Amino acid sequence: MTKTIKPVRVRFAPSPTGRTHLGSGRTALYNYLLARQTGGQFILRIEDTDQKRFVKGAEEELMEGLHWLGLDWDEGPDVGGEYGPYRQTERRELYQKYSRHLVERGQAYYCFCAVSEDVEDKKEKTSFQKHRNICPDRDVDLAEADQKVAGGEPHVIRFRMPRDGNITVTDAIRGDITVENITLDDTILVKSDGLPVYHLAVVVDDHLMGITHAIRTSEWLPTFPLHGHLYAAFGWDQPTWIHPSIFLKPDGKGKMSKRDSEALMEAGKPIFLSDFGRMGYLPEAVVNWAALIGWSYDDKTEEFSMEDLIEKFSVEKLSPAPAALNFSKLDHFNGLYIRTLDVADLAARLRPFFEAGGYLVNDDEKLLQVAEALQIRLANLAEAPEKGGFFFKDEVYPDPESLIGKKMTAEQSMEMAQHIETLIASLPDFSEESASQPLRDLATEMGLKAGHVFGFLRNALTAQKVSPPVFETMEIIGREKVLERIRKGIEILENV
RNA sequence: GCCCCCAUCGUCUAGUGGCCCAGGACAUGGCCCUCUCAAGGCUAAAACGGGGGUUCGAGUCCCCCUGGGGGCACCA
């Protein structure tokens with residue numbers, strides 16, 4: 001396997017404009033894996049140059065989400081680092097300096113037309129765009145433009161895109177991509193508020209921060225050539241560009257977006273990092289699942305811990321094709337990881353879900369037993385109250401019908417129940433070993449099947465038609481309560 | 001409309017010219033196990049979008065078509 005041997009410097013560079021979703025989580029993960037695999041640095045950079053879209057608290061939620069996944073970074077706004085500051089709004093002088101440099105070298109120009117902001121005539125805008133976003137000010141003398149700028153005239157800075165020729169940029173997943181310059185715009189580099197747009201900021205920062213590998217999703221492919229031009233204009237070497245494909249909605253129709261969240265959440269499918277945990281998913285499962293969307297290791301291996309991923313991740317095995325999300329596979333991984341947890345760990349993770357379900361969990365020993373009983377039966381932590389809430393109830397209320405055995409009358413069932421009670425009361429303990437045979441014998445003596453006996457017990461003890469095995473259940477509930485619930489079942493049958 | 005990217009089972013994917021009458025996983029069906037439900041084991045069905053090339057030989061290389069996706073903001 002080919003590995004990147006030299007330590008990389010990679011960055012995850014989100015903008016704090018809302019909640020962090022899974023796609024971002026995967027991009028961050030890939031960055032992290034590469035950094036840890038090569039002994040390099042993983043940098044968190046906040047791209048907050050759009051003040052209008054800034055969302056308070058987004059940065060905090062982002063960091064929490066990444067930590068929840070198990071990712072940490074070596075440099076960032078919270079931990080500092082030699083290449084800071086790590087928030088772009090705190091770096092504005094840098095961008096001004098570099099954009100001015102471009103202007104002076106004739107590779108960018110001041111533009112004074114306020115076309116796109118409050119254009120009312122849509123046709124005007126359209127025609128402007130037809131001319132490839134080239135402002136008439138492109139050919140204005142710099143001295144003249146400088147005077148206008150000095151006079152406080154509102155302006156933006158645009159890149160002076162060559163009008164002929166072509167450019168080739170290289171993506172590590174797809175290879176060379178060549179486009180004709182004529183299809184490219186004189187893109188705005190600096191807004192009238194003096195802050196840079198993404199295109200300028202990403203190039204300047206990646207260069208200044210010594211980024212060796214830039215990972216971002218494929219939605220950036222269309223503007224990739226522009227970034228190539230910017231690197232050329234500055235005379236800088238480019239990092240290795242890696243554009244993993246985007247996520248598609250589960251139905252494969254269109255890219256996964258924040259707008260889809262609500263509908264998906266209703267189906268129990270979270271897409272925001274901060275939702276997975278409270279929806280009952282384990283970070284281990286989410287990491288494993290997400291890593292495998294657009295990346296694979298070989299033709300069989302699918303289970304990867306974070307350590308495995310750090311060791312085995314490789315850019316070469318990234319797929320260029322968009323991928324639809326398969327949430328049932330996430331459930332599969334979640335069940336898998338739940339099953340590998342030690343019981344004490346599972347119990348600890350289960351506790352908040354029982355409490356959220358309204359159950360008082362004050363017996364740690366019992367919680368441990370419940371966790372053990374439920375372990376192989378859970379695909380999701382959030383199912384715990386529904387599947388095992390009865391363990392924590394003082395009383396259960398079985399449906400009378402459920403206590404009546406198949407092809408049996410209420411009376412026969414009651415008679416059976418009384419025998420069961422007598423037998424259980426005389427049992428030395430609830431272990432399968434000592435209790436199973438007597439109960440089976442009882443069924444046989446009464447001309448019934450073992451299923452009748454166990455069925456009654458299950459329903460009387462749990463008021464559920466499915467539960468952990470009866471013996472295990474009885475042990476957890478305890479003799480006193482078991483007998484209590486059996487008697488109550490008999491009582492219910494008496495009144496049918 | 002223009003530009004760019006992509007194309008193997010329903011979904012995620014393995015496959016870098018012969019090892020492929022295409023392998024794995026999820027989901028689905030069946031069987032086994034079994035006190036229910038799970039878990040586990042076995043098993044079934046399920047794909048190289050179409051057409052041209054290149055080659056002794058193509059899922060694998062090239063071209064066209066089709067289909068899908070992305071982008072076209074003083075957002076990232």
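Throughout, protein chains are lettered first and strands after them, A, B, ... in sequence-line order, and every chain is numbered starting at 1. Heavy-atom basis, side chains included; hydrogens, waters and symmetry copies ignored. Computed from a predicted structure; not experimentally measured.
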Using purine N1 to pyrimidine N3 plus N6-O4 or O6-N4 for Watson-Crick, or N1-O2 and O6-N3 for G-U wobble, both under 3.5 Å, which nucleotide pairs with [N]?
N	result
B:C2	B:G71
B:U11	B:A25
B:C48	none

(message) Can you tell me if A:Lys465 touches the phosphate of B:C37, counting only side-chain N or O atoms and a distance under 4.0 Å to OP1 or OP2?
(response)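 Checking A:Lys465 against B:C37: no side-chain N or O falls below 4.0 Å of OP1 or OP2.
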(request) Can you run down the salt bridge (charged side-chain N to carboxylate O under 4.0 Å, His left out) pairs that involve residues 369-388 of chain A, sequence neighbours left out, and say none if there aren't any? (result)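 Listed by first then second residue: A:Glu383-A:Lys387.
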(request) Could you pick out which residue, A:Trp295 or A:Arg53, lies toward the 5' side of RNA chain B when each is mapped onto its nearest nucleotide? (result) A:Trp295
Counting any heavy atom closer than 4.0 Å, what does [X] reach on the DNA or RNA strands: base, sugar-phosphate only, or nothing?
X	value
A:Gly335	nothing
A:Lys449	nothing
A:Thr49	sugar-phosphate
A:Pro468	base
A:Val179	sugar-phosphate
A:Lys317	sugar-phosphate
A:Ala321	sugar-phosphate
A:Pro320	sugar-phosphate

(request) Name the closest nucleotide to the A:Ser15 side chain, picking from B:G40, B:C12, B:A76. (result) B:A76
(message) Checking contacts here: which listed nucleotide (B:A76, B:C35, B:A39) is nearest the side-chain heavy atoms of A:Val470?
(response)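 Minimum distance to the A:Val470 side chain belongs to B:C35.
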(request) Could you give the distance separating B:A14 and B:G67 at their C1' atoms, to the nearest angstrom? (result) 23 Å
(message) Distance check, C1' atoms only: B:A27 and B:A45, in whole angstrom units.
(response) 13 Å
(request) Identify whether the distance between the nearest side-chain nitrogen and carboxylate oxygen of A:Glu284 and A:Arg349 falls below 4.0 Å. (result)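 A salt bridge links A:Glu284 with A:Arg349.
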(message) Could you check whether A:Lys312 makes a cation-pi contact with A:Phe304, meaning its NZ or CZ is under 6.0 Å from the centre of the six-membered ring and within 45° of the ring axis?
(response)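 No, a cation-pi geometry is absent between A:Lys312 and A:Phe304.
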(request) Report yes if a donor N or O on one partner sits less than 3.5 Å from an acceptor N or O on the other, where the partners are the side chain of A:Ser192 and the base of B:C74; otherwise report no. (result)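 Side chain to base: pair present.
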(message) Run the side chain to side chain donor-acceptor pair (under 3.5 Å) test against A:Tyr86 and tell me which residues pass, sequence neighbours left out.
(response) A:Glu75
(message) Walk along nucleotides 19-31 of chain B from 5' to 3' and tag each nucleotide B, S or - by protein heavy-atom contact under 4.0 Å, base first, then sugar-phosphate.
(response) ----BBBBS----
